[in-house]
2 protein chains.
Amino acid sequence: MLTQTAVRNASWKKTASGTVPPAPQPQTGPLDLMGAQMSFPRNAEIYGEGEAADYIYRVVSGAVRTYKVLADGRRQVGGFYLPGDMFGLEPGDEHTFSAEAIAESKVLVIKRSAVMALAERDGEVARQLWNLTGRELSRVQDHILLLIKSAHERVATFLLEMAERESAGNAVDLPMSRQDIADYLGLTIETVSRTLSHMESLATIEVPSSRRIVLRNRAALSRLNA
Amino acid sequence: MLTQTAVRNASWKKTASGTVPPAPQPQTGPLDLMGAQMSFPRNAEIYGEGEAADYIYRVVSGAVRTYKVLADGRRQVGGFYLPGDMFGLEPGDEHTFSAEAIAESKVLVIKRSAVMALAERDGEVARQLWNLTGRELSRVQDHILLLIKSAHERVATFLLEMAERESAGNAVDLPMSRQDIADYLGLTIETVSRTLSHMESLATIEVPSSRRIVLRNRAALSRLNA
DNA sequence: CGACCATTTGATATGGATCAAGCGATGTGG
DNA sequence: CCACATCGCTTGATCCATATCAAATGGTCG
């Protein structure tokens, strides 16, 4: 079920399947052709933890974070999803994380039951779904490796990861706040900020504005990538 | 491909499908009927990181750990697998972690290609494989949540998890060493040991021998479970 | 222009790591 | 069968990376 917030903010629009997403993933195939596009303003909830996972999603523009809040208020960001990325495909039938738009975002919403029915008949689709879960799995495994590293290593790994995903030369445009980054890396906002400042002082990166980071010395970052 | 160590230590034995594993998982179905049983001595490698994922595995007796070693020698244990658990099913065709027997173990080894062929024809099997990956995914997601907690919380969570999986009253028999636990929890062996001692001093647990832990106050542990 | 929010920077505190012994169980050779 | 080596674990002392608390700065929007 879509969330109240989500529904409230929704601007439905049947999409002619001709719409080309900014950075399409190679591995999506028939899933491209399904679903309806919705818009979410900054910080709008797309779905909440514990809700029925009736839909799966694909980012068209903007960016999405998934997260979980622990009993005492600590928040862990599970992942960031950029244009072309699919998210919300859960093994069980409840979402285990919540999802929010980081910035104004357009998201393709696909009925899970439709996809499942399709997978039933078409082995190729089934394989694709499995693949998707598999990718997610290795992403999460990498995240674990990240969380045992030092603060410098975590930030370096994060920057390299973002650079790779955006692949816009050496400049990385971060859609997310320092708080989002901190909660993703398991650090405090202060530590993230200090680490970036330190890297800048070493000329490893440049930070022309807080959301824009230029990688000046990838080798140094890779060395930290451990 | 099976590892040198693995092959060297292997004692192949075609298993009459009548062999009943100690704690069968409910969700395995047809996969039960396939594969051959192998024995691995303590600390034997079952497969190595980067090897072709030609087989999937199911613990019959004993226990298995999967792990990854970072460039600088730090080791992260990805998970522990107890009798009935499947492991080694990777999305890609290379193992992303290594696997070793923690204690003398019997493992059912199943040819991946055979399972895939079966899944091709039988949607039920395909769904089961997907499910397996999904379970693994949520296990790993939980692991991430673990890694952002305090040492006490991590240990408490670990003990409750093990107690649940073994479900032998309040006594937990740990097949793994303190080092294994430490590497799973992202702590040092000293911190794990100290934390257990501290919990014992609070009468939350009893540690009659280093591998045996009795939960005396689950409520206190759950409170730490955050 | 002023208020607000995000970010940076500074000072201090602290949880867990590191370094270093000590201890107990297990096994081996004499 | 005992002495001793070994290994896994515990305990102690100290250090350090990162958290926490606090304030200053900067950027954005009405």
Side-chain angles (χ1 to χ4, degrees), chain A residues 41-43 65 70 72-77 102-104 146-159 172-202 205-213 224 226, chain B residues 41-43 65 70 72-77 102-104 146-159 172-202 205-213 224 226:
Chain A
R42 194 163 130 65
N43 293 326
R65 63 178 166 252
L70 298 187
D72 63 348
R74 277 172 297 184
R75 184 183 71 153
Q76 175 63 38
V77 169
I102 291 174
E104 165 80 27
L146 205 171
L147 291 177
I148 64 167
K149 298 183 187 177
S150 73
H152 272 81
E153 291 169 331
R154 292 186 210 192
V155 172
T157 303
F158 170 73
L159 290 176
V172 182
D173 280 297
L174 302 173
M176 72 292 282
S177 70
R178 292 286 185 271
Q179 189 63 63
D180 287 333
I181 299 172
D183 290 346
Y184 177 69
L185 298 181
L187 298 171
T188 59
I189 184 178
E190 293 98 328
T191 298
V192 171
S193 181
R194 269 188 250 273
T195 303
L196 289 172
S197 297
H198 185 237
M199 286 176 170
E200 191 171 23
S201 78
L202 298 176
I205 62 173
E206 259 172 73
V207 189
S209 83
S210 75
R211 297 295 180 100
R212 164 166 276 256
I213 295 183
L224 279 173
Chain B
R42 194 163 131 63
N43 293 325
R65 63 176 166 253
L70 298 188
D72 63 348
R74 276 172 299 185
R75 184 182 73 152
Q76 175 63 38
V77 169
I102 292 175
E104 166 79 29
L146 205 169
L147 292 178
I148 65 165
K149 298 183 185 176
S150 73
H152 272 81
E153 291 169 331
R154 292 186 211 193
V155 172
T157 303
F158 171 73
L159 290 176
V172 183
D173 280 299
L174 301 173
M176 72 292 282
S177 70
R178 293 286 185 274
Q179 189 63 63
D180 287 333
I181 299 172
D183 290 347
Y184 177 69
L185 299 180
L187 298 171
T188 59
I189 184 178
E190 292 98 329
T191 298
V192 171
S193 181
R194 270 187 251 273
T195 304
L196 289 172
S197 298
H198 185 237
M199 287 175 169
E200 192 171 23
S201 78
L202 298 176
I205 61 173
E206 259 172 73
V207 190
S209 83
S210 75
R211 297 292 181 100
R212 164 167 276 255
I213 295 183
L224 278 173

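Here is how names work: the chains are called A, B, and so on, in the same order as the sequence lines, proteins then strands, and each is numbered from 1.
With hydrogens and angles ignored, the 3.5 Å screen pairs no side-chain donor or acceptor of A:Glu206 with any backbone N or O of A:Ile213. When atom types are taken as modelled, the side chain of A:Arg154 and the backbone of A:Gly186 share a donor-acceptor pair closer than 3.5 angstrom. A:Ser193 places no side-chain N or O within donor-acceptor distance of the main-chain N or O of A:Glu190, the cut-off being under 3.5 Å. Side chain of B:Arg178 to backbone of B:Val192: no donor-acceptor contact under 3.5 angstrom is found. A donor-acceptor pair is defined here as one N or O able to donate and one able to accept, closer than 3.5 Å; no such pair exists between the side chain of B:Arg65 and the backbone of B:Tyr184.
A:Asp180 is listed as a side-chain neighbour of A:Arg75, based on a closest heavy-atom distance under 4.5 Å. Between A:Ile148 and B:Leu70 the shortest side-chain heavy-atom distance falls below 4.5 Å.
A side-chain contact (heavy atoms from CB on, under 4.5 Å) with B:Leu159 is found for one member of B:Val172, B:Leu224, B:Ile205 and no other, namely B:Ile205.
As rounded to whole Å, 12 Å separates atom P of D:dT18 from atom CG of A:Leu185. Atoms CD1 (A:Ile148) and P (D:dA17) sit 17 Å apart, rounded to a whole Å. Atom CG of A:Leu224 is separated from atom P of D:dA17 by 14 Å (rounded to the nearest Å). The CD1-P distance, from A:Ile181 to C:dA6, rounds to 14 Å in whole Å. With rounding to whole Å, B:Asn43 atom CG is found 12 Å from D:dC7 atom C1'. In this structure, CZ of A:Arg154 is placed 14 Å from P of D:dA17, rounded to the nearest angstrom. A:Lys149 places its NZ atom 17 Å from the C1' atom of D:dA17, with the value rounded to the nearest Å. Separating the CD1 atom of A:Ile205 from the C1' atom of C:dT8 is a distance of 13 Å, rounded to the nearest angstrom.
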Taking only nitrogen or oxygen atoms into account, show me every contact under 3.5 Å that the protein makes with nucleotides 2-5 of chain C, one pair per line with its distance.
none

Polar-atom pairs under 3.5 Å, protein N or O versus N or O of nucleotides 9-11 of chain D: list them with distances, or write none.
| from | atom 1 | to | atom 2 | distance (Å) |
| --- | --- | --- | --- | --- |
| D:dC9 | OP1 | B:Arg211 | NE | 3.2 |
| D:dC9 | OP2 | B:Arg178 | N | 3.1 |
| D:dT10 | OP1 | B:Arg178 | NH2 | 3.2 |
| D:dT10 | OP2 | B:Arg178 | NE | 2.8 |
| D:dT10 | OP2 | B:Ser193 | OG | 2.8 |
| D:dT10 | O5' | B:Ser193 | OG | 3.0 |
| D:dT11 | OP2 | B:Ser197 | OG | 2.4 |

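Among the atoms of the strands shown, only primed sugar atoms or phosphate atoms (P, OP1, OP2) are found under 4.0 Å from some heavy atom of B:Ser150.
Within 6.0 Å of the CZ atom in B:Arg42, the count of heavy atoms belonging to other residues, nucleotides or ligands does not exceed 12.
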